[in-house]
Amino acid sequence: MRSVPSIIHLDMDAFFAAVEQASKPSLRGKPVIVGGLGGRGVVSTASYEARKFGVHSAMPMAQARRLCPNAAFLTGRFEAYRANSEIVMALLRERSPLVEPLSLDEAFVDLEAGPYGPALAGATPAEGAQLVLALAEDLRADIVAHTGLTASVGAAASKLMAKIASEQAKPDGLVLIEPGSERAVLAPMPVRALPGIGPATEQALRRAGLTTVADLADAGFEELVALLGKAHGAGVFQMALGWDERPVVPDRDAKSVSVEDTFEVDLADRDRILREIDHLAARCVRRLRAAGRSGRTVVLKVRRFDFSTLTRSETLRGPTDDPEVIGATARRLAMQVDVTGGVRLLGVGVAQLADYTQEDLFAQLEREERGRFRRRPSGRPRKRPRPPDRPSAAGGRART
DNA sequence: TCTGGGGTCCTAGGACCC
DNA sequence: TCTGGGGTCCTAGGACCC
């Protein structure tokens, strides 16, 4: 691991709410809550003023209203957030070409690959740390100057520790973790401080008597793998030791595109459900095409009245960006789902993405195939009838 | 007060192939 | 007849993150 803390993690403070406050002075210093305003909305971002009342992300909006009735409640304005995000990301890229955005408001930057890389590489650890601190403060000031928004920055020798540092820096702060001090810094922290450990993993670890990161390190590789499975267990053990060699990777291609809608009132009518699926498919395709991609696997997501959520997917013979094909596939999948009692959410997504195909030959094939089936004399089953929860998959592949 | 929307990665079983 | 073993693809679900 490097001896200079030249990886930084930047996290904008209460980003959506802060953008609203920056663009509307009357909101400054007041609680602002951004999220879904409908009956089933949740909080997307709460300003720090609102957090004092106990409001936080993912909280149902109705609860937020009870806790903080005098807040300004706003729906998201994503164009504004995206515009501010682009300004911030551009400022990061001035510091290094190695910028890895994690979301609109968060990114890793590897300063070693930037203009100060040589200086950092040639520096003693102490000099290097001083230089990183100066660069990070300059960055934070630059962001305020260009956007009026504050950011918290963590600097360390790895992504893991930079992320932990930025968490400690919030809000509007800068924290540097000295290379070599990783284990000592992590040891007293609760396991939840490690990225990738959520409520379920925390519970599993607690049942085994492990509550701090030091406990994880002491437990050892074998026990963590037995408890959490191969990949997760091994990853958690490495993190517990402060060990992380993951590079900062810019320009990661999306692996799936999806859209979903939660309805104000559950949908019970099958025809209405099928119409909604068509709309979702059209929206999904718009996003797919905007990204210049096409997809081979169509995924339907259904959340029922009781919040039970299931997915059904079908892999086509080739990638498509045809809304007719994606819509028809999703509708077909919907016919396999029991919707009695009602549906609160529908989603349509596409995975196994490929770069845009000019001719979209596979969509043609899919259309021809459907046409053939329609012409088939009625009453005759096409091929073998599909079992209700097992759509044909291998059969399609064999004809490719 | 019931619980958004957009993603990522992992696991596990069955099909299929050699 | 009590029956391999590995690799890959597909599907479903779950945990997690912002």
Side-chain angles (χ1 to χ4, degrees), chain A residues 9 11-12 14-16 34-45 54-69 75-76 78 81-82 85 101-107 163 166-167 192 194-204 225 228-236 249 252-264 266 280 283-284 287 291 296-317 333 336-337 344-353 386-387 389-398 400:
Chain A
H9 178 260
D11 201 333
M12 301 296 292
F15 184 52
F16 297 173
V34 178
L37 299 186
R40 289 174 163 176
V42 301
V43 175
S44 183
T45 312
V55 179
H56 58 81
S57 298
M59 172 183 282
M61 199 54 104
Q63 187 183 0
R65 286 186 193 277
R66 269 209 357 266
L67 290 172
C68 192
T75 54
F78 282 86
Y81 309 149
R82 198 164 292 115
S85 177
L102 301 177
S103 64
L104 285 182
D105 75 322
E106 227 184 285
K163 174 116 176 138
S166 74
E167 198 60 41
R192 272 303 288 274
L194 296 178
I197 297 192
T201 307
E202 179 186 27
Q203 271 309 105
V225 167
L228 306 180
K230 202 171 162 189
H232 202 198
V236 166
V249 182
R252 298 215 313 225
D253 274 348
K255 301 199 164 171
S256 66
V257 172
S258 67
V259 297
E260 62 187 54
D261 261 345
T262 293
F263 306 101
E264 287 291 321
D266 292 352
L280 290 162
R283 275 166 57 197
C284 184
R287 297 247 312 275
R296 194 156 87 88
T297 301
V298 177
V299 184
L300 174 76
K301 177 173 171 180
V302 177
R303 177 123 69 211
R304 292 185 280 206
F305 68 101
D306 60 356
F307 216 73
S308 61
T309 305
L310 48 83
T311 61
R312 291 291 177 270
S313 64
E314 185 176 325
T315 299
L316 308 173
R317 283 171 298 167
L333 291 167
Q336 307 170 9
V337 177
R344 68 178 284 141
L345 170 147
L346 288 171
V348 173
V350 169
Q352 288 220 63
L353 300 189
R386 270 194 206 112
D389 58 350
R390 275 273 149 180
S392 81
R397 194 150 37 99
T400 309

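In what follows, every chain begins at residue 1, and chains take the letters A, B, ... in the order their sequences are listed. If you're wondering where the values come from, they're calculated on a predicted model, not measured in any experiment.
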Asker: When you check the phosphate oxygens OP1 and OP2 of B:dG7, does a side-chain N or O of A:R287 lie under 4.0 Å from one of them?
Answerer: yes
Asker: Quick one: is A:T201 getting a side-chain N or O under 4.0 Å of the C:dC16 phosphate, OP1 or OP2?
Answerer: yes
Asker: OP1 or OP2 of B:dT3 less than 4.0 angstrom from a side-chain nitrogen or oxygen of A:T262, does that happen here?
Answerer: no
Asker: Would you mind telling me which of C:dA12, C:dC16, B:dT8 lies closest to the side-chain atoms of A:A200?
Answerer: C:dC16
Asker: Side chain of A:E260 only, heavy atoms from C-beta on: which candidate in B:dG6, C:dT11, B:dG4 is closest?
Answerer: B:dG6
Asker: Is the phosphate of B:dG4, meaning OP1 or OP2, less than 4.0 Å from a side-chain N or O of A:R303?
Answerer: yes
Asker: Taking side chain as C-beta onward, heavy atoms only, is A:K301 less than 4.5 Å from A:T309?
Answerer: yes
Asker: What form does the base of C:dT3 take, syn (within 90° of 0) or anti?
Answerer: syn
Asker: Nearest to the side chain of A:R344, heavy atoms from C-beta on, is which of B:dG5, B:dG4, B:dC9?
Answerer: B:dG4
Asker: Could you check whether A:F307 and the base of B:dC2 form a stacked pair, meaning centres closer than 5.5 Å and planes differing by less than 30°?
Answerer: no
Asker: When syn is taken as a glycosidic angle within 90 degrees of 0, is C:dC2 syn or anti?
Answerer: anti
Asker: So what is the end-to-end bend of the helix from B:dG5-C:dC18 to B:dC18-C:dG5, with 5 pairs used at each end and the value given to 10 degrees?
Answerer: 10°
Asker: Out of the candidates A:R304, A:R303, A:Q336, only one should pair with A:L310 under the side-chain contact (heavy atoms from CB on, under 4.5 Å) rule; please name it.
Answerer: A:R304
Asker: Does a nitrogen or oxygen in the side chain of A:R296 sit under 4.0 Å from OP1 or OP2 of C:dC10?
Answerer: yes
Asker: Check whether any side-chain heavy atom of A:Y81 sits under 4.5 Å from a side-chain heavy atom of A:T45, and report yes or no.
Answerer: no
Asker: Say you pick atom C1' in C:dC16 and the same atom in B:dG4; how far apart are they, in whole Å?
Answerer: 16 Å
Asker: Excluding sequence neighbours, so at least two apart, what forms salt bridge (charged side-chain N to carboxylate O under 4.0 Å, His left out) with A:R192?
Answerer: A:E202
